[in-house]
Participant: 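Would you mind keeping the following structure in view while I ask a few things?
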Amino acid sequence: MNKFQELGLNELLLKAIQDLGFENPSEVQEKAIPLLLQQDTDIVALAQTGTGKTAAFGFPLIQKIDPENRSTQALILSPTRELCLQITNEIKQYSKYVKGLHTVAVYGGASITEQAREVKKGAQVIVATPGRMQDMINRNLVNIKNIQICVLDEADEMLNMGFYDDITSILSDTPNEKNTWLFSATMPQEVARIAKEFMKRPQEITVGHKNQGSDTVSHEYYLVGARDRYPVLKRLADMNPDIFSVVFCRTKRDTQAVAEKLIEDGYNAAALHGDLSQAQRDGVMKAFRGRQIQMLVATDVAARGIDVDDITHVINYQLPDEVETYNHRSGRTGRAGKTGTSIVIVTKSEYKKISQIERIIKKKFIQKPIPTGMEICEVQLIHLANKARSVEVDAEIDKYLPKIEELLGDLSKEELIKKMFSLEFNRFIEYYKKQNTIDSPKSRERGEASVNSDGSVRYFLNLGARDNFDWMSLKDFLRDNLDLGRDDLFKVDVKEGFSFFNTDASHSERVMEILNNMHHEGRQVNVEISTSGGGSSSRRDHNGRGRSGGGFRGERSGGFRSERSSDRRSSGGERGTEGRFGRRREDDRPARDERRSVRGDRPRRSN
C-alpha cells in the first residue's frame, strides 16, 4: 500500500504520485499534508532544501483548488527564475489528472506580455518571482485580490536576496482571509517578522531542529595557506574523479576567475553569476544537468534555486559573509535521501567561522589532510582501471584485432597493461612529481595577518601621494578593486611614496592575493602586513624614498566619490544593499580580461 494514501489525498493525486514513483512521504510531507488538507490555517514549515517541500505544499494546494473556477486562487512566490520554473513543472506533474487546472510561471527575463496573456486565459495557480510579480501588479496585468492560498517558498532566501519590500507589497495586495504557507530552511529575524506581520497564529512544522543541517550531508574542511586555495581546489577535484559539484565563491569576479582557471587546467567547469545573460545562465544549467559540466562555479545569488539531485560535493572555495548562507550552500548536495559532502577550504584568519557554523547547523566538521600528489595518482590510476574494466566494447573493433595483435603480440600481459595505462597516466604523474606537498599551516606564515586587538589588520602599500592619491581617492581605489564595502576599509594614511590602511582580519587573505597580483601604471603593486603598527616611515629604501611600484591592469577606476565623512571604522554597512531590506545586488564587477594564471604545467583532464 502506498503510504501517501494515508495522508488524505484524493484519487487523482494518488494516480499522479504512482506515475512519479513516489512511495513513502518525507517527514515534512507527513507533517504538512494532513494538516493543510484538514484545516484552513497558516503554517510556518522549517525544513532543509531537498526534503520534498514542493510536494508538501503542492499536493494540498492542488486538492483545494476549484478547477472549474478560472480565476487565480493560489500564488506561490519563489526566489529565482530557476526555482520558479521547477516548481511550476512539479505542480503540473502533480495535477496532470486534474482537468481544467492551469499553472503559469511568472518570472523576469521573459516576455511580460506573453506571461500576462497566459494568466488572462485562466491560471488558477501562479508561480512567480517577487520582482516580476510586483511589476505585473503595478501594470494591472494580474489580479490576486481574491486568492485563497499564498505560499512563500524558500522564504529566507527571498529575504536574503533583498525582496522584503516586494513581498510585503505583494502580500498587502492579497485578501486578509487567505491562508499563508511559509516554507523556509532557516528562521532568521526577517522571516519571523513576515510571519508576525502577515500571518494569523501560524502553526509551526519543524523537521529536525531550527536551522539544523541535513543528516545526509557530511561536513569537512581543509586548512590552507592563503596562496594555496586554488591548488587545493584542484587536488580535491583530482582526488574525486567522479566529482559533480557546485563550487561557491563570494563574488562574481572570483567566480569567473576560478572557473576560467579550472577550464584552462582541463576541468569541465563553467561560471554561473549575475553578469551572465538569462540565455547564458540557461545554457550553463542545461549543460550542468546533462553532466557536461562537472564543476559549476557559482555565487550564492546565482546558485539559488539549483535543484539537481545527484550533486556529490559542495565546495566552499570561500566562506559566505553570512554564516546562515552556509546552510543553503550545503543543501545543494545530499538531496532526495542521497548522501553528499560539503567541503570548506579555509585559511587561519577564517577558521573561527567553522565553529560558528557548527553551532548553527548542529553538525561537526572533520578536518581532512590535504591530499598528496602520490595519493591522488593512486586514486586516479584505480579510477582508470575501473573505467577500463566497465567500458563497453564495440564489436567493430574485432576487424582491427589482427593488426593490433601483430603490432603488440611480442608484449607480455604485464607489459601491455603498463603501456596502455601509461598512455593516460604518465602526464598525470609527471605533473604531481613536480608539485610540492601542500601542508596545512601550523604557525603563522610569512605575510599572513597579524591581528590587532580590535580584530583588524594593518597593511603597508607601495602607492602614495606620488601616485596622485590622497586618503579619499586611495580608499575608493582599494575598495573598488578589493570588492569591499564602504566601511570595510579604514585608517587610511597616505604618505609621499607609500600608504597604510586597515581591514578586518577576515579580509586579509583577499587583500594580499588581489593587490600583489596587480599593476599600477606599469609597475607592480606590493602590499605587506605592517609590522610598524601604523604610519611610520620605517619602510624606506636606501635612497630614503618610500617603496614604490604598482598599478592595476586596465584603466584606473574611480576619481573622487561623494563620501565626505571622516575615515573611521563602522560596523554598519552591508555591501550591495539599499537599506536593511532593500533590493540586494552582487556587489562586484565582471572579472577582468587579464588574470593571474595558476595553470602550471598540469595535464588536461580526460573524462
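Only this structure's heavy atoms are used, side chains among them; waters, hydrogens and symmetry mates stay out.
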Participant: Taking Ser499 for the side chain and Leu463 for the main chain, is one N or O donor matched with an acceptor at less than 3.5 Å?
Facilitator: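 Judged by distance alone, yes, a pair lies under 3.5 Å.
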Participant: Any side-chain to backbone donor/acceptor pair from Asp228 onto Val224? Under 3.5 Å, distance only.
Facilitator: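 No, the answer is negative, given that no donor and acceptor are paired below the 3.5 Å cut-off.
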Participant: On the six-membered ring of Phe244, is Arg291 placed so that its NZ or CZ lies under 6.0 angstrom from the centre and within 45° of the ring axis?
Facilitator: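 Relative to the ring axis of Phe244, which defines the angle, Arg291 lies inside both limits.
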Participant: Side chains of Gln380 and Pro241: does their closest heavy-atom pair fall under 4.5 Å?
Facilitator: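 They are in contact (side-chain heavy atoms under 4.5 Å apart), so the answer is yes.
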Participant: Distance from Lys434 atom NZ to Ile429 atom CD1, nearest 0.5 Å?
Facilitator: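 Answer rounded to 0.5 Å: 12.5 Å.
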Participant: I'd like to know if the side chain of Ser342 and the backbone of Ser330 have a donor-acceptor N/O pair within less than 3.5 Å.
Facilitator: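 No; zero donor-acceptor contacts below 3.5 Å.
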Participant: Do the non-hydrogen side-chain atoms of Arg329 and Asn316 ever get within less than 4.5 Å of each other?
Facilitator: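 They are in contact (side-chain heavy atoms under 4.5 Å apart), so the answer is yes.
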Participant: Using modelled atom types only, decide if a donor and an acceptor are shared between the side chain of Gln294 and the backbone of Ile243 within a distance under 3.5 Å.
Facilitator: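 Yes, because the side chain of Gln294 sits within donor-acceptor range (under 3.5 Å) of the backbone of Ile243.
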Participant: Between Lys353 and Pro320 (side chain of the first, backbone of the second, donor and acceptor by atom type, cut-off under 3.5 Å), is there such a pair?
Facilitator: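 Judged by distance alone, yes, a pair lies under 3.5 Å.
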Participant: Roughly how far, to the nearest 0.5 Å, is CD1 of Ile315 from CD1 of Ile345?
Facilitator: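 Going from CD1 on Ile345 over to CD1 on Ile315, the span is 6.0 Å.
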Participant: Looking at the rings of Tyr459 and His507, which for Trp means the six-membered one, are their centres under 6.0 Å apart?
Facilitator: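 No, the ring of Tyr459 stays outside the 6.0 Å limit from the ring of His507, centre to centre.
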Participant: When you check the gap from the basic side-chain N to the acidic O, do Asp300 and Arg250 get nearer than 4.0 Å?
Facilitator: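 Salt bridge between Asp300 and Arg250, a charged N being under 4.0 Å from a carboxylate O: no.
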Participant: Quick one: CD on Gln356 to CG on Leu319, what's the gap to the nearest 0.5 Å?
Facilitator: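 Reported value, rounded in 0.5 Å steps: 9.5 Å.
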Participant: Of all heavy-atom pairs between Ile376 and Tyr432, which one has the smallest distance, and what is that distance?
Facilitator: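 Minimum heavy-atom contact is CD1-OH, 3.6 Å.
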Participant: Under the criterion side-chain contact (heavy atoms from CB on, under 4.5 Å), I'd like the reasoning laid out for Leu236 against Ile343: C-alpha separation, chi angles, the key distance, then a yes or no.
Facilitator: CA-CA 9 Å; Leu236 294 176; Ile343 293 173; 3.8 Å; yes
Participant: Measure the spacing between CE of Met512 and CG of Leu482 and express it to the nearest 0.5 Å.
Facilitator: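 It is 11.5 Å, given to the nearest 0.5 Å.
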Participant: Where do Val511 and Phe501 land on the side-chain contact (heavy atoms from CB on, under 4.5 Å) test, with the steps shown first?
Facilitator: CA-CA 11 Å; Val511 171; Phe501 64 94; 3.8 Å; yes
Participant: Looking only at heavy atoms, what is the nearest atom pair of Cys249 and Val297, with distance?
Facilitator: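 Heavy atoms only, the tightest pair is SG-CG1, 3.9 Å.
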Participant: Take Val344 and Tyr222 through the side-chain contact (heavy atoms from CB on, under 4.5 Å) test and state the conclusion after the steps.
Facilitator: CA-CA 6 Å; Val344 176; Tyr222 292 81; over 6 Å; no
Participant: With the side chain counted from C-beta on, respond yes when Thr80 and Thr129 share a heavy-atom pair under 4.5 Å apart, and no when they do not.
Facilitator: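 In short, these two side chains do not touch, never coming nearer than 4.5 Å.
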Participant: Count the heavy atoms of every other residue, nucleotide or ligand shown that sit under 6.0 Å from CD of Glu378, and state whether that count exceeds 12.
Facilitator: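 No, because the 6.0 Å sphere around CD of Glu378 holds 12 heavy atoms or fewer from other groups.
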Participant: Is there a side-chain contact between Val525 and Leu461 in this structure, where contact means two heavy atoms from C-beta onward sitting under 4.5 Å apart?
Facilitator: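 Yes - at least one pair of side-chain heavy atoms lies under 4.5 Å apart.
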Participant: Assign the ring pair Tyr230 / Tyr317 to parallel, tilted or perpendicular, where the plane angle (0 to 90°) is split at 30° and 60°.
Facilitator: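 Rings of Tyr230 and Tyr317: perpendicular, as their planes differ by over 60°.
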Participant: How far apart are the closest heavy atoms of Met158 and Ser78, and which atoms are they?
Facilitator: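 Reported closest heavy-atom pair: SD-C, 3.7 Å.
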Participant: Does any part of the side chain of Phe163, heavy atoms only, come nearer than 4.5 Å to the side chain of Leu159, both counted from C-beta?
Facilitator: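 No; the side chains remain at least 4.5 Å from each other.
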Participant: Is the backbone of Thr372 close enough, under 3.5 Å, to the side chain of Glu375 for a donor and an acceptor to pair up by distance?
Facilitator: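 Yes, because the side chain of Glu375 sits within donor-acceptor range (under 3.5 Å) of the backbone of Thr372.
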Participant: Answer yes or no: is there an ion pair linking Lys363 with Glu358, defined by an N-O contact shorter than 4.0 Å?
Facilitator: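 No, no charged N to carboxylate O under 4.0 Å.
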Participant: Taking NZ, NE, NH1 and NH2 as the nitrogens, is one of them in Arg510 or Asp254 under 4.0 Å from a carboxylate oxygen of the other?
Facilitator: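 Salt bridge flag = yes for Asp254 with Arg510.
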Participant: Can any side-chain N or O of Gln524 pair as donor or acceptor with the backbone N or O of Met518 at less than 3.5 Å?
Facilitator: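 Side chain of Gln524 to backbone of Met518, a donor-acceptor pair under 3.5 Å: yes, one is there.
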Participant: Can you check whether Ser473's main-chain N or O pairs, donor with acceptor, with Asp470's side chain at less than 3.5 Å?
Facilitator: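 Such a contact is found between Asp470 side chain and Ser473 backbone.
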Participant: Under 4.0 Å between a side-chain nitrogen and a carboxylate oxygen: does that hold for Glu430 and Lys433?
Facilitator: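 Looking at Glu430 and Lys433, the cut-off is met.
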Participant: Taking side chain as C-beta onward, heavy atoms only, is Met285 less than 4.5 Å from Leu296?
Facilitator: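 The answer is yes, as the side chains (C-beta and beyond) meet within the 4.5 Å cut-off.
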Participant: Can you tell me how far the CG atom of Leu262 sits from the CE atom of Met295, to the nearest 0.5 Å?
Facilitator: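 Leu262 atom CG to Met295 atom CE measures 5.0 Å (nearest 0.5 Å).
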Participant: In Å, rounded to the nearest 0.5 Å, how long is the span from NZ of Lys261 to CG of Leu233?
Facilitator: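 Here the rounded value is 9.5 Å.
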Participant: Heavy atoms, side chains only, cut-off 4.5 Å: are Val246 and Phe288 in contact?
Facilitator: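 Yes, at least one pair of side-chain atoms sits under 4.5 Å.
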Participant: Is any NZ, NE, NH1 or NH2 atom of the basic residue among Asp493 and Lys495 found under 4.0 Å from an Asp or Glu carboxylate oxygen of the other?
Facilitator: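 Yes, this pair counts.
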Participant: Quick one: closest heavy-atom pair of Asn502 and Ser456, and the distance?
Facilitator: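 Answer, listing the atom of Asn502 first, then Ser456: ND2-OG, 3.2 Å.
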Participant: Does the pair Asp238/Arg235 count as a salt bridge with the N-to-O cut at 4.0 Å?
Facilitator: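 Judged by the 4.0 Å cut-off on N to carboxylate O distance, Asp238 and Arg235 do not form a salt bridge.
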Participant: List the atom of Ser245, the atom of Ile311, and the distance in Å for their closest heavy-atom pair.
Facilitator: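 Shortest heavy-atom separation between Ser245 and Ile311 comes out as CA-CG2, 4.1 Å.
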Participant: Decide yes or no for Thr341 and Val314: does some side-chain heavy atom of the first lie under 4.5 Å from some side-chain heavy atom of the second?
Facilitator: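 When only atoms from C-beta onward are counted, Val314 and Thr341 do not touch, as no gap falls below 4.5 Å.
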Participant: Begin from the C-alpha positions of Asp504 and Asp488 and carry the test side-chain contact (heavy atoms from CB on, under 4.5 Å) through to its verdict.
Facilitator: CA-CA 7 Å; Asp504 188 89; Asp488 291 336; over 6 Å; no
Participant: How about Phe460 and Phe498: are their ring centroids closer than 6.0 Å?
Facilitator: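 Judged by ring-centre distance (under 6.0 Å), Phe460 and Phe498 do meet the cut-off.
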Participant: Taking all non-hydrogen atoms of both residues into account, name the closest pair between Thr333 and His313 and its distance.
Facilitator: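 Shortest heavy-atom contact: OG1-N, 4.1 Å.
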Participant: Looking at Gly464, is its backbone amide N or carbonyl O close enough to the side chain of Glu496 to form a donor-acceptor pair, meaning the two atoms are under 3.5 Å apart?
Facilitator: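 Not a single qualifying donor-acceptor pair exists.
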Participant: So, Arg253 side chain and Asn481 main chain: donor-acceptor pair closer than 3.5 Å or not?
Facilitator: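 Answer holds: yes.
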Participant: Counting only heavy atoms from other residues, nucleotides and ligands, does the tally under 6.0 Å from CZ of Phe365 exceed 12?
Facilitator: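 Enclosed.
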